[in-house]
2 protein chains.
Amino acid sequence: MNERSFIIHTFEANRGCVITGSKRKNDKYHRILEAAIKVFADQGFYQSTVSQIAREAGVADGTIYLYFKNKDDILIQFFRDKTKQVFESFRKAVQGGAHAEGKLRQLIRLHLKAFQDDRNMAVVYQQETHQINRPAEEQIREMSKMYLDLLSEIIEQGQEEGSIRKDLYLGLVKRFMVGAVDEVINTWLHSRIEYDLAAMADPLVELMIHGVGVSRKNTERK
Amino acid sequence: MNERSFIIHTFEANRGCVITGSKRKNDKYHRILEAAIKVFADQGFYQSTVSQIAREAGVADGTIYLYFKNKDDILIQFFRDKTKQVFESFRKAVQGGAHAEGKLRQLIRLHLKAFQDDRNMAVVYQQETHQINRPAEEQIREMSKMYLDLLSEIIEQGQEEGSIRKDLYLGLVKRFMVGAVDEVINTWLHSRIEYDLAAMADPLVELMIHGVGVSRKNTERK
DNA sequence: GGATTATGAATGAACGTTCATTCATTTATC
DNA sequence: GATAAATGAATGAACGTTCATTCATAATCC
């Protein structure tokens, strides 16, 4: 942990210069990261070997240690950079929305779309977030909090607007929403047949808002 | 998979004689299984060693191979026996209920309670069900199907009774419910503070049935 | 401009360790 | 005493990590 000597300086420098001339170095960092995520997705983190990652990335085994402290660090960087970035993009996209329901729909639509478009990310995310004592513990906690905070904002806005009930235990509502989305993704990942994940967004949000029960006023909906 | 030679006969015989005189054998099988689940829960399946399991169970390393084909087989037996059994107990308990909503509440209450009472089981269950290419793939699929079928029955009954909407995409509704429960459990597992998991059942079911939207608002439809 | 030197990214064989599995031997049972 | 169960040291394959070496490119010198 404290022995992050020159190696770290090296790759932190690399990650810094996205636009500078030394494009080759930067490419390699990202190439290794992406290769690793593919291998992790295929085999799981602990069954993946550094050699496999190196082969997938088209570099030598040793090269990986010029860019990452160790195998764990690859996973940590994945959550620190890639996933966090995706979740930040959700935040930005949602800020434009008007009413709470629209924001919620937009968030979940984006979430499903992002995971559908990057299946490897989705697999690794699912795997690691359901692990105890995982290498990227702290990064996942942070990212998770970011998402939950975003949900909090939306829900509270909905309560002010009068579209969302006020007698809710917020902590539970958020888990309820996150869980539903996660499970829809998980089912998609494990399904043998292919279907459009993003198309689940609208009916899912509809369920979250109205529930499965028959409302007292309308016996027949739709 | 096809090399299940004499070893399998051995432990299948053991598992058969629950009530017979040879109680000691049976004890050892379950002792190892329980020890393994504890170790898996603490460290994760792939970081756990057979020696650790043996030490935890109070037997020699080699003894494990008298009862299980290999390390993977321990996990497979866990899902084939223990977890499946728990889920079957849900089914029995729910059959007594009257209306659909009561059954749903009962199911989720039991689910949360069972997982709260056996934290090791809960951890291993969470870990493995979110893995791709897991050793117990088939067993998990089967168990998952059992749970989903149970939900199907309840929902369909609710639709007949008029308490559950008929315009629902059943496959999605089931994921929505399973996901919410799973996430509540997952949060509980990862929480640094202790709280009563089973107490979440009622508010959770309430959310599933009525959603987060204000109920008067049936005028607005999307 | 051409020759010489310095640099550090990249390599991949080698190392040390870990760990699932085996099996010759011991212990328990009847 | 014969059979079955249990043991745990031994085995060897697998894997994360290291490091001496290579070599293309950059810097320096005349």
Side-chain angles (χ1 to χ4, degrees), chain A residues 1 3-17 20-32 35-36 39-40 42-77 135, chain B residues 1 3-17 20-32 35-36 39-40 42-77 135:
Chain A
M1 256 302 182
E3 246 301 18
R4 307 203 104 206
S5 61
F6 77 100
I7 295 174
I8 300 317
H9 295 317
T10 307
F11 82 70
E12 274 182 351
N14 288 341
R15 289 197 292 135
C17 54
T20 72
S22 61
K23 188 86 193 183
R24 215 178 303 102
K25 297 176 188 177
N26 201 271
D27 273 348
K28 201 153 277 187
Y29 170 82
H30 285 106
R31 210 165 74 214
I32 292 170
V39 176
F40 292 164
D42 286 350
Q43 324 232 223
F45 179 74
Y46 287 107
Q47 294 111 283
S48 301
T49 71
V50 173
S51 293
Q52 283 178 303
I53 297 168
R55 201 179 318 132
E56 179 75 32
V59 301
D61 293 14
T63 307
I64 289 179
Y65 291 87
L66 299 176
Y67 294 90
F68 298 90
K69 193 180 148 209
N70 52 33
K71 194 181 158 192
D72 281 8
D73 193 43
I74 304 178
L75 197 63
I76 291 170
Q77 296 309 325
Chain B
M1 255 300 179
E3 249 298 22
R4 307 202 104 208
S5 60
F6 77 99
I7 295 174
I8 299 316
H9 295 316
T10 306
F11 82 72
E12 274 183 351
N14 287 341
R15 288 197 292 135
C17 54
T20 75
S22 61
K23 189 85 192 185
R24 213 178 302 101
K25 297 178 188 174
N26 202 273
D27 273 347
K28 203 155 275 184
Y29 170 82
H30 285 107
R31 210 165 74 216
I32 293 171
V39 176
F40 292 165
D42 285 350
Q43 323 230 224
F45 179 73
Y46 288 106
Q47 293 111 284
S48 301
T49 71
V50 173
S51 291
Q52 283 178 303
I53 296 168
R55 201 181 317 131
E56 179 73 32
V59 300
D61 293 13
T63 306
I64 289 179
Y65 291 87
L66 300 175
Y67 295 89
F68 299 91
K69 192 182 148 204
N70 53 34
K71 195 182 160 193
D72 279 8
D73 193 43
I74 304 178
L75 197 64
I76 290 170
Q77 296 309 326

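Protein chains get the first letters and strands the later ones, always in sequence-line order, with residue 1 at the start of each. All of these numbers come straight from a predicted model, not from anything done at the bench.
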- Message: Tell me the closest heavy-atom pair linking A/Ile64 and A/Ile53, and the distance in Å.
- Response: CD1-CG2, 3.8 Å
- Query: Parallel under 30°, tilted from 30 to 60°, perpendicular over 60°: which one fits the rings of A/Tyr29 and A/Tyr67?
  - Reply: tilted
- Query: Expressed in angstrom and rounded to an integer, what is the separation of B/Leu66 atom CG from D/dT3 atom C1'?
  - Reply: 15 Å
- Note on the structure: When rounded to whole Å, the CG to P distance for the pair B/Asp73 and C/dT21 reads 10 Å
- Query: Does A/Lys28 place a side-chain N or O at less than 4.0 Å from the phosphate oxygens OP1/OP2 of C/dA10?
  - Reply: yes
- Message: Strictly distance-based, threshold 3.5 Å: is any side-chain N or O of A/Lys71 a donor or acceptor partner for the main-chain N or O of A/Phe45?
- Response: yes
- Phosphate oxygens OP1/OP2 of D/dC19: is one of them under 4.0 Å from a side-chain N or O of A/Tyr65? no
- Message: I want to confirm an ordering. Mapping A/Thr63 and A/Thr49 to their closest nucleotides on DNA chain D, which one lands closer to the 5' end?
- Response: A/Thr49
- Item | From C/dT21, D/dA5, C/dG12, nucleotide with atom closest to B/Tyr67 side chain | D/dA5
- Closest nucleotide among C/dA10, C/dT21, D/dT7 to the B/Val59 side chain: D/dT7
- Taken to the nearest whole Å, CZ/B/Arg55 to P/C/dA20 is 12 Å
- Message: Please report the distance, rounded to the nearest Å, between CD1 in A/Ile53 and C1' in C/dT11.
- Response: 17 Å
- What integer distance in Å separates B/Lys71:NZ from D/dA13:C1'? 15 Å
- Protein-nucleotide distance (A/Ile64, atom CD1; D/dC19, atom P), rounded to Å: 18 Å
- Would you kindly give the CD-to-P distance between A/Gln47 and D/dG16, to the nearest whole Å? 11 Å
- Item | Shortest non-hydrogen contact from A/Phe68 toward A/Asp73 | CA-OD2, 3.6 Å
- Task: Find the distance A/Lys69:NZ to D/dT18:C1' and express it as a whole number of Å.
- Result: 16 Å
